[in-house]
Amino acid sequence: MKSYDHKKIEKKWQTFWDKKKTYQASNKSKKPKYYSLIEFPYPSGDGLHVGHPRPYIGMDVISRKKRMQGFNVLYPIGWDAFGLPTENYAIKTGKDPRVVTKANTDTFRRQIKSLGISFDWSREINTTDTKYYKWTQWIFLQFFKKGLAYKKRMMINWCPKDKIGLANEEVINGACERCGTTVEKKEKEQWMLAITKYAERLYKDLDDVDYLPQIKLGQRNWIGKSEGAEIEFEISGLGHPNRIKVFTTRPDTIFGATFLAIAPEVAKKLTGKDFGIKVDTDRENKEKIGADTGLTAKNPASGEMIPVFVVNYVSADYGTGAIMGVPAHDDRDFEFAKKFNLPIKQVVAAVSKSTVPQETPRDGVPHVDRDAVMCIVKHWEKDEYLCLQWRNHPSIHSMVSGGIEKGEDLIETGKREIQEEAGYTSAKFVRQIGGFSFIYFYHQMKNNNTLARFRYLYFELQNGEQVPISKEENDKLITFWKKKDEVYEFLSIVERDLVWNGFLGKIKEATYTGGGLLVNSGKFDRMESEKAKKEIINFVGGKEKVTFKLRDWIFSRQRYWGEPIPVINCGECGLVPVPEKDLPVELPKLTGKMKNYQPTDTGESPLAHIEKWVNVKCPSCKGKAKRETDTMPNWAGSSWYYLAYCMSKKGFSGSASFENWKLQIENFRHFMPVDWYNGGNEHTTLHLLYSRFWHKFLFDLKLVPTSEPYMKRTSHGLILAENGEKMSKSRGNVINPDDIVKRYGADTLRLYEMFMGPFDQTIAWSEEALIGPRRFLERVYNLQYKIKKNKKYSEFEVEKTIKKVSFDIENMKFNTAISTFMIFLNEVGKLDFISRDVYEKFLQLLSPFAPHITEEIWFNLGNKNSIHLSIWPSFDENLIKDEEIKVVVQINGKVRAEMMIGVEEKEEEVKNKACKNSGILKYLAGKDIKKVIYVKNRLINIVL
RNA sequence: GCCGGGAUGGCGGAAUUGGUAUACGCGCUAGUCUUAGGAACUAGUGGGGCAACCCUUGGGAGUUCGAGUCUCCCUCCCGGCACCA
């Protein structure tokens with residue numbers, strides 16, 4: 001009887017699978033395809049740590065299951081190898097980045113192979129391979145030819161340490177994403193990709209893909225679509241007539257616009273003056289700064305003349321660079337208006353609906369608009385406030401309130417209501433609180449739906465003098481005095497926010513940014529704000545307009561280790577694309593004098609100094625010309641790599657041309673789209689968005705068969721070091737999978753990584769916990785010596801296991817799948833025997849998680865073909881069904897007994913059984929059963 | 001500040017989505033076997049109580065026959081965004 005020796009087993013089967021090409025996908029297969037994808041790694045010099053394989057193992061489990069379910073599975077891998085760390089390391093050590101990359105990929109490949117992941121290694125790609133990047137350059141040329149790749153002089157984010165320009169997405173809190181150095185602004189001519197042209201489609205097509213909700217949301221927020229309007233304001237003060245166009249998402253608030261705020265650049269253009277105001281990107285310092293331009297604008301809705309300010313919180317490159325300042329309904333405008341003493345005018349008021357069912361507005365009754373007041377009344381001695389409760393509706397908690405009668409002003413109404421409802425005669429008006437708000441309710445006495453527009457008045461009683469209250473009011477109302485901090489709890493929800501926010505100061509003085517009904521807006525008063533948006537745009541002659549936050553993608557880097565941009569700069573012809581036949585534009589070899597490829601402080605690419613490489617003939621006029629010396633960002637190669645995996649070897653290696661690409665479309669059609677793509681959340685607004693953009697572009701050129709590259713996107717959690725920190729070489733806390741594979745075996749590592757916690761959750765590594773999965777595998781291994789021939793032991797358990805494990809894998813609930821295996825094993829352990837049939841099914845279920853040990857046992861049992869190409873077990877619902885089932889008996893919701901019932905037993909019988917149950921009788925003695933609730937085959941609850 | 005996600009034994013985590021809270025694993029305790037064990041196996045293991053029972057899913061209220069799960073308020077943790085009009 002051999003014991004489990006992972007070292008022997010794992011090597012042996014890895015070689016076997018390699019030789020038998022077990023995991024190779026076919027471009028010709030008649031089976032249905034399944035394309036599962038992980039983000040190909042960046043082969044850093046640090047080697048693999050145990051966090052890297054987590055997504056590979058997860059998708060491996062899914063891929064292996066799909067393979068066993070009869071799919072032609074494509075599960076490829078490659079290397080995203082261009083990039084800064086390699087280049088920096090190469091410069092530091094005086095090596096060629098090609099040599100460094102080779103060494104790193106060799107290490108990564110060896111490490112990943114030792115884990116027994118079912119990658120199709122025959123399709124391995126490397127973005128730094130000239131065969132690969134000639135296609136990257138070719139795709140770039142298509143962008144260029146369509147005018148979507150263009151050059152632009154602009155301020156860029158410059159990292160002084162890496163000496164490289166960064167895309168907006170690569171700047172985190174004003175610092176370089178890679179090295180943490182504070183970025184500077186530098187003016188430079190840059191290559192841009194016009195991703196904004198695809199903003200709407202990138203946004204909208206998210207509807208059609210199955211990404212995790214937070215991933216969709218992340219992309220949507222990043223694209224930042226906002227629907228609004230452009231509205232023109234006439235301005236005077238320039239000496240000639242002029243207009244300023246503003247962008248707003250809230251045209252419904254235009255009557256509340258009490259100033260215009262414009263960006264410094266816009267102000268300069270308009271007036272020729274520099275006001276010394278700068279838009280600060282610093283996140284810490286957000287104080288509103290501004291200056292009066294001396295201009296005035298005419299509010300096109302109200303006709304009011306309003307001042308124009310130049311401010312530091314409106315940027316020139318979003319919208320129109322000008323906004324209308326509506327302090328009552330925008331926090332920033334509010335802050336600015338406070339500082340500059342500008343008027344704050346409420347034009348939208350919230351509508352509350354009564355929470356009392358009898359007061360819910362109903363159909364078929366008249367609608368009535370009313371003006372009303374609510375009075376906050378302070379006690380004459382104590383710090384207490386007058387509250388009311390309706391006798392017949394005890395749930396309505398309110399304060400003194402009532403409608404304004406003809407000829408009355410607000411204060412008169414307030415005083416009258418205080419006297420009528422509470423009898424007090426000495427109320428002194430102090431001030432009005434807040435603005436308008438609406439309450440919409442069914443008026444029971446008057447049988448109509450009332451829309452009451454409330455204002456809030458604060459009164460103080462001078463003394464306790466009272467007149468008698470009418471019988472009618474007395475029957476209706478109870479009055480209370482409540483302390484300040486009790487008022488909020490006491491009030492019904494409808495009144496709560498309105499009274500509290502304005503008066504008791506729990507929430508600071510603030511704007512109301514929600515929707516509601518318009519007030520102070522002339523003929524639009526009482527109109528619903530959504531409807532008012534449209535009508536007001538028309539009224540002021542504005543135009544509906546959609547704006548995006550997304551900016552064009554800064555696509556050039558001034559470094560050596562990237563794909564050269566395949567364009568030639570000719571004095572005569574301008575920017576000329578490198579002809580297809582001349583692709584790839586290879587990076588100059590680093591020999592002899594060309595060894596110096598350090599980045600420069602000037603922001604010029606190091607390639608610019610390599611004259612032999614730079615100086616070329618113009619492909620068009622044959623005159624003297626120079627190559628573009630910028631290279632592409634490392635996001636370029638990863639924007640289409642999932643297509644490269646599908647290509648035929650020959651087509652991939654052949655020359656880059658339209659014809660050769662078109663020959664590949666058949667292969668793309670075979671495998672695309674990717675069925676399931678798992679990757680890191682950090683790429684939501686980077687790689688994932690970029691590659692969707694490239695794919696859509698290729699789709700428009702009819703070069704790929706689908707408009708979206710990925711059908712389904714999920715993400716995995718990080719693995720942290722045992723102390724909860726991020727794993728990194730500099731922290732010295734890296735766990736190398738090599739050590740784990742050596743000591744425990746790849747299968748144990750795989751099982752542990754899937755078992756340690758939910759797949760999508762960040763989790764700390766625990767060396768201690770590894771032993772659990774290892775013990776489990778040993779017990780699985782020893783089970784092969786416990787086979788009892790021709791006996792069907794544990795059939796029931798294995799059927800249940802099939803069902804649960806199949807479901808869990810599809811839903812990435814790997815941890816509970818493994819716990820199901822353990823439960824199964826614990827059950828079987830009690831019997832001490834297992835039937836071969838059941839054991840084989842169990843091994844098949846386990847094989848995606850632990851491919852080596854299961855293959856070993858599978859062959860030990862006499863099978864002649866790989867377990868990984870066997871047919872995934874199916875389960876029989878009938879075998880899973882129990883004859884008898886345990887139900888719980890509760891008394892008042894507390895578990896008091898358990899009992900067995902037949903599966904089909906009727907409700908009545910079960911109830912009777914429960915009431916006669918010996919454990920239950922003592923609780924029933926002398927009590928009446930009020931109610932019995934039966935949840936079929938689960939529990940019965942007796943309410944006393 | 002805004003938007004997401006979360007808080008369950010000593011630890012990692014389960015919970016059929018409103019129906020027996022703490023599955024599974026680690027650790028711990030006791031025992032068996034061992035020259036020995038930081039191995040393996042067996043049993044036990046949320047807290048309190050002699051017990052019947054009681055308490056327990058970050059805190060507080062609520063809805064419900066029944067709440068880890070739903071609603072409201074609060075505290076803390078982790079991610080993303082950041083003057084986007």
Side-chain angles (χ1 to χ4, degrees), chain A residues 172-173 213-215 217-218 220-222 224-226 228 246-250 253 261 263 279-283 285-288 311-315 317-326 329-333 335-336 488-489 493 496 513 547-551 681-682 684-685 717-718 724 751-752 755-758 760-773 775-776 778-779 782 804 807 813 815-826 829 886-898 922 930-944:
Chain A
I172 309 294
N173 291 329
Q214 65 268 30
I215 297 175
L217 194 69
R220 288 214 169 100
N221 288 343
W222 187 260
K225 181 177 178 173
S226 55
V246 305
F247 175 69
T248 178
T249 55
R250 292 297 302 273
T253 64
V279 175
D280 211 341
T281 49
D282 186 2
R283 292 179 188 210
N285 180 19
K286 287 209 185 165
E287 204 197 332
K288 301 278 176 291
V311 302
N312 71 333
Y313 70 96
V314 171
S315 43
D317 54 357
Y318 181 79
T320 60
I323 63 164
M324 57 184 205
V326 186
H329 303 291
D330 182 281
D331 290 332
R332 294 150 301 177
D333 296 341
E335 199 188 321
F336 189 82
Y488 183 76
E489 278 302 313
I493 290 164
R496 222 182 231 183
T513 55
T547 304
F548 296 93
K549 275 197 259 183
L550 187 71
R551 310 291 164 86
N681 275 325
E682 69 275 18
T684 299
T685 55
L718 293 176
L751 210 59
Y752 171 64
F755 183 59
M756 62 196 298
D760 58 354
Q761 194 174 301
T762 298
I763 198 162
W765 180 260
S766 165
E767 182 86 42
E768 212 176 50
L770 257 170
I771 193 68
R775 279 181 195 146
F776 166 76
E778 276 171 14
R779 288 166 66 202
N782 292 335
K804 173 80 174 142
F807 176 84
K813 295 172 83 167
N815 54 334
T816 52
I818 292 167
S819 115
T820 307
F821 290 135
M822 290 169 168
I823 292 167
F824 172 82
L825 196 67
N826 291 344
K886 189 174 79 181
V887 295
V888 162
V889 186
Q890 295 183 334
I891 305 284
N892 291 335
K894 287 194 171 152
V895 180
R896 296 299 184 191
E898 292 172 354
K922 61 178 170 179
K930 283 197 190 121
K931 200 172 173 185
V932 180
I933 289 126
Y934 178 56
V935 184
K936 191 161 194 285
N937 293 347
R938 198 158 296 261
L939 63 76
I940 180 157
N941 187 13
I942 301 168
V943 185
L944 299 178

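Numbered from 1 within each chain, the chains take letters A, B, ... in sequence-line order. Below, all heavy atoms of this structure are taken into account, side chains as well, without hydrogens, waters or symmetry copies.
Of the side-chain N and O atoms in A:Asn826, one or more sit less than 4.0 angstrom from OP1 or OP2 of B:G25. Distances shorter than 4.0 Å separate some side-chain N or O of A:Tyr318 from OP1 or OP2 on B:A85. Between A:Arg775 and B:C24, a side-chain N or O to OP1/OP2 separation shorter than 4.0 Å is absent. Remark: A:Gln761 is in phosphate contact with B:G13, judged by side-chain N or O atoms under 4.0 Å from OP1 or OP2. Applying the 4.0 Å criterion to OP1 and OP2 of B:C55, one finds that A:Lys894 has a side-chain N or O inside that range. One finds no side-chain N or O of A:Thr547 lying less than 4.0 angstrom from the OP1 or OP2 phosphate oxygen of B:A85.
One interatomic measurement links the two molecules: CD1 of A:Ile818 to C1' of B:G13, which rounds to 13 Å at whole-angstrom precision. Rounding to whole angstrom units, CE of residue A:Met822 and C1' of B:A23 are separated by 12 Å. Counting to the nearest Å, the C1' atom of B:G25 and the CH2 atom of A:Trp765 are 14 Å from each other. Taking atom CD1 of residue A:Ile940 and atom P of nucleotide B:G66, one finds them 16 Å apart after rounding to whole Å. Between A:Ile823 atom CD1 and B:C24 atom C1' the separation is 6 Å, expressed in whole Å. Rounded to whole Å, the distance from CG on A:Asn681 to P on B:C81 is 11 Å. For A:Lys936 and B:U16, the NZ to C1' distance is 15 Å, given to the nearest whole Å. Atom-to-atom, CD of A:Glu768 to P of B:G10 comes out at 16 Å; the value is rounded to the nearest Å.
In this structure B:G9 sits in the syn conformation; its chi angle is within 90° of 0. For B:U29, the base is anti relative to its sugar; the glycosidic angle deviates from 0 by more than 90°.
A distance of about 48 Å separates the P atoms of B:A36 and B:C54, rounded to the whole Å. Of the C1' atoms belonging to B:U17 and B:A67, the separation is 12 Å, rounded to the nearest Å. Of the C1' atoms belonging to B:G12 and B:A23, the separation is 14 Å, rounded to the nearest Å. Taking atom C1' on both B:U63 and B:G18, the two are 12 Å apart, rounded to the nearest angstrom. B:C73 and B:U29 have their C1' atoms separated by 43 Å, given to the nearest Å. The C1' atoms of B:G9 and B:G27 are separated by 12 Å, rounded to the nearest whole Å. If you take atom C1' in B:C83 and the same atom in B:G19, they sit 49 Å apart, rounded to whole Å. Distance check on atom C1': B:A15 versus B:U22 gives 9 Å, rounded to whole Å.
Within the nucleic acid shown, A:Thr816 comes within 4.0 Å of sugar-phosphate atoms alone, with no base atom in reach, counting heavy atoms only. At the heavy-atom level, A:Leu939 lies under 4.0 Å from base atoms of the strands shown. Here A:Val943 lies in heavy-atom contact (under 4.0 Å) with sugar-phosphate atoms only. Residue contacts for A:Ile763: at a heavy-atom cut-off of 4.0 Å it reaches the sugar-phosphate backbone alone, with no base atom in range. Note on A:Asp333: nothing from the nucleic acid sits closer than 4.0 angstrom, heavy atoms only. Residue contacts shown for A:Thr320 are absent, as no nucleic acid heavy atom lies under 4.0 Å away. The residue A:Lys804 sits apart from the nucleic acid: no heavy atom pair falls under 4.0 Å. At the heavy-atom level, A:Glu898 lies under 4.0 Å from base atoms of the strands shown. Contacts of A:Pro213 with the nucleic acid, taken as non-hydrogen atoms under 4.0 Å apart, are absent. If you check every strand for non-hydrogen atoms under 4.0 Å, A:Arg220 touches nothing. Base engagement by A:Gln890 is indicated by at least one non-hydrogen atom pair under 4.0 Å involving a base atom. Counting any heavy atom pair closer than 4.0 Å across all strands shown, A:Val314 reaches a base atom.
Of the listed nucleotides (B:G66, B:U20, B:C24), B:G66 has the atom at the smallest distance from the side chain of A:Asn941. Listed nucleotides: B:A23, B:C65, B:A14. Nearest to the side chain of A:Ser819: B:A23. Of the candidates B:C26, B:C65, B:A82, B:A82 carries the atom nearest the A:Trp222 side chain, counting heavy atoms from C-beta on. Of the listed nucleotides (B:C54, B:C3, B:A85), B:C3 has the atom at the smallest distance from the side chain of A:Leu217.
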*Checking side-chain contact (heavy atoms from CB on, under 4.5 Å) for the pair A:Ile933/A:Ile940: CA distance, chi angles, key distance, verdict?*
CA-CA 6 Å; A:Ile933 289 126; A:Ile940 180 157; over 6 Å; no

_Residue pair A:Phe776, A:Tyr752: steps toward the side-chain contact (heavy atoms from CB on, under 4.5 Å) verdict_ = CA-CA 10 Å; A:Phe776 166 76; A:Tyr752 171 64; over 6 Å; no

*Report the C-alpha separation of A:Ile323 and A:Asp333 in whole Å, then their side-chain angles, then the decisive distance to 0.1 Å, and conclude whether the side-chain contact (heavy atoms from CB on, under 4.5 Å) test is met.*
CA-CA 10 Å; A:Ile323 63 164; A:Asp333 296 341; 3.5 Å; yes

*For A:Arg551 and A:Asp317, run salt bridge (Lys or Arg N to Asp or Glu O under 4.0 Å): C-alpha distance rounded to whole Å, both residues' side-chain angles, the deciding distance at 0.1 Å, then the answer.*
CA-CA 9 Å; A:Arg551 310 291 164 86; A:Asp317 54 357; 3.1 Å; yes

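For B:U16, its base sits under 3.5 Å from the side chain of A:Arg938 at one donor and acceptor pair at least. A donor-acceptor contact under 3.5 Å is not formed by the side chain of A:Lys930 with the base of B:C65.
When base pairs are accepted only as Watson-Crick or G-U wobble with both N-N or N-O distances under 3.5 Å, RNA chain B takes part in stems of 3 or more pairs at B:1-7 with B:75-81, B:10-12 with B:24-26, B:27-32 with B:40-45, B:46-48 with B:53-55, B:58-62 with B:70-74.
Partners of A:Glu898 according to the salt bridge (Lys or Arg N to Asp or Glu O under 4.0 Å) rule, which considers only residues two or more places apart in sequence or in another chain, are A:Lys886.
The CG atom of A:Asn815 lies 9.5 Å from the OG1 atom of A:Thr820; values are rounded to the nearest 0.5 Å. How far NZ of A:Lys930 is from CD1 of A:Ile942: 13.5 Å, rounded to the nearest 0.5 Å. A:Leu770 contributes atom CG, which lies 8.5 Å from atom CE of A:Met756 (distance to the nearest 0.5 angstrom). Rounded to the nearest 0.5 Å, atoms CE (A:Met822) and OG1 (A:Thr816) are 12.0 Å apart.
Mapping A:Arg250 and A:Leu770 onto RNA chain B via the closest heavy atom, the residue that lands nearer the 5' end is A:Leu770. If A:Phe247 and A:Glu778 are placed on RNA chain B by their nearest nucleotide, the residue sitting closer to the 5' end is A:Glu778.
Geometric assessment of A:Lys288 against the ring of A:Tyr313 yields a positive cation-pi assignment under the 6.0 Å and 45° thresholds.
Side-chain atoms of A:Ser315 do not come within 3.5 Å of backbone N or O of A:Tyr318 as any donor-acceptor pair.
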